[in-house]
Asker: 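Just passing along the structure, written as structure tokens.
For ligands, and for the atoms within them, numbers begin at 1 and follow the listed sequence.
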Amino acid sequence: MTVTILTLFPDLFAGYLGSSILARAIARGQVAVKAVDIRAFATDKHHVCDDAAYGGGPGMVMKPEPIAAAIEVACVPGQKVVYLTPAGRRFTQGVAEELAREQGFTLLCGRYEGIDQRVIDAFVTDELSIGDYVLSGGEVAAMAVIDAVVRLVPGVITGESLEEESFAQGLLEYPHYTRPEDFRGRRVPDILLSGHHEKIRRWRLQKSIEKTMKNRPELLDSPALPEEVRELAAEIVREGDGHGRDEGA
Ligand code: ADE
């Protein structure tokens, strides 16, 4: 997979891409990421990339010409050009899975008030937001997208750990423990020391459901949840064990 980032701040990416799972995926040739400096495509003497907004109002707008030139030179025709913007469609695990199936794609990072609409109309295939808050630019969002997508590329992470993760089954993840067995008087739950795999699986599923009820109850409304999850969720609500909606917690 090849990911092209178009940005006014290409240096921001080196640290993140140079560490941990992403660095390993790049070193193994499973993914190639190139950060392209939009400013290099501005043809005037001072490489100006922004200008005042037509119609007035505060803030500057990114000019269309340098972005268009960067796309035309650096991007593979036919591949997605994703503009990161708080006005985009919400980026979710499902969207990460869609992007992970692509051969490659481009992430376009805005700064200032945004980019000229005509460049969006001409080149952008998708607009994505990583959440309902406004960042200073698309770069942090691009890193989030790259991280979430690259770990889904086959071979980057082993399948088992992906299947257990939050959202993989439509639920939030269960709690994890490692040594020591007793940390400042807080013990690892006995069931995890029992060696009883089926009981551990059910306990983890129960904890996942409880966590989801507490932090993201709307996820439990999904019709895609497996029957076992529905039944256990109903049981938890009945027994009043969870912190579910029925308790108003
Ligand atoms: N650029 C600024 N804020 C953003 C957000 N929340 N998501 C994606 N891109 C952004």
Asker: What about Y133: any of its N or O atoms under 3.5 Å from an N or O on ligand 1?
Answerer: yes
Asker: Salt bridge check, D132 against R90: does any charged N sit closer than 4.0 Å to a carboxylate O?
Answerer: yes
Asker: For ligand 1, indicate whether the residue A141 contacts it via side chain, backbone, both or neither (heavy-atom separation under 4.0 Å).
Answerer: side chain
Asker: Find out if a path of hydrophobic residues (ILVMFWY) with successive side-chain heavy-atom gaps under 4.5 Å connects I200 to L232.
Answerer: no
Asker: Just which atoms of ligand 1 are under 4.0 Å from any heavy atom in G137?
Answerer: 1 (N), 2 (C)
Asker: Give, for atom CG of D190 and atom CH2 of W203, the distance between the pair rounded to the nearest 0.5 Å.
Answerer: 10.5 Å
Asker: At what distance is the nearest protein heavy atom to atom 3 (N) of ligand 1, and which residue and atom is it?
Answerer: L135 N, 3.0 Å
Asker: To which protein heavy atom is atom 7 (N) of ligand 1 closest, and what is the distance rounded to 0.1 Å?
Answerer: I130 N, 3.0 Å
Asker: Tell me whether R202 is salt-bridged to E228, with the criterion being a basic N under 4.0 Å from an acidic carboxylate O.
Answerer: yes
Asker: Under 3.5 Å, is there a donor-acceptor pair linking the side chains of T7 and E139?
Answerer: yes
Asker: Any idea which protein heavy atom is nearest atom 10 (C) of ligand 1, and the distance to it?
Answerer: P86 CD, 3.5 Å
Asker: If the cut-off is 4.0 Å to any non-hydrogen atom of L128, which atoms of ligand 1 fall inside it?
Answerer: 8 (C)
Asker: Give a yes or no on whether a salt bridge exists between R151 and E165, defined as a side-chain N under 4.0 angstrom from a carboxylate O.
Answerer: yes
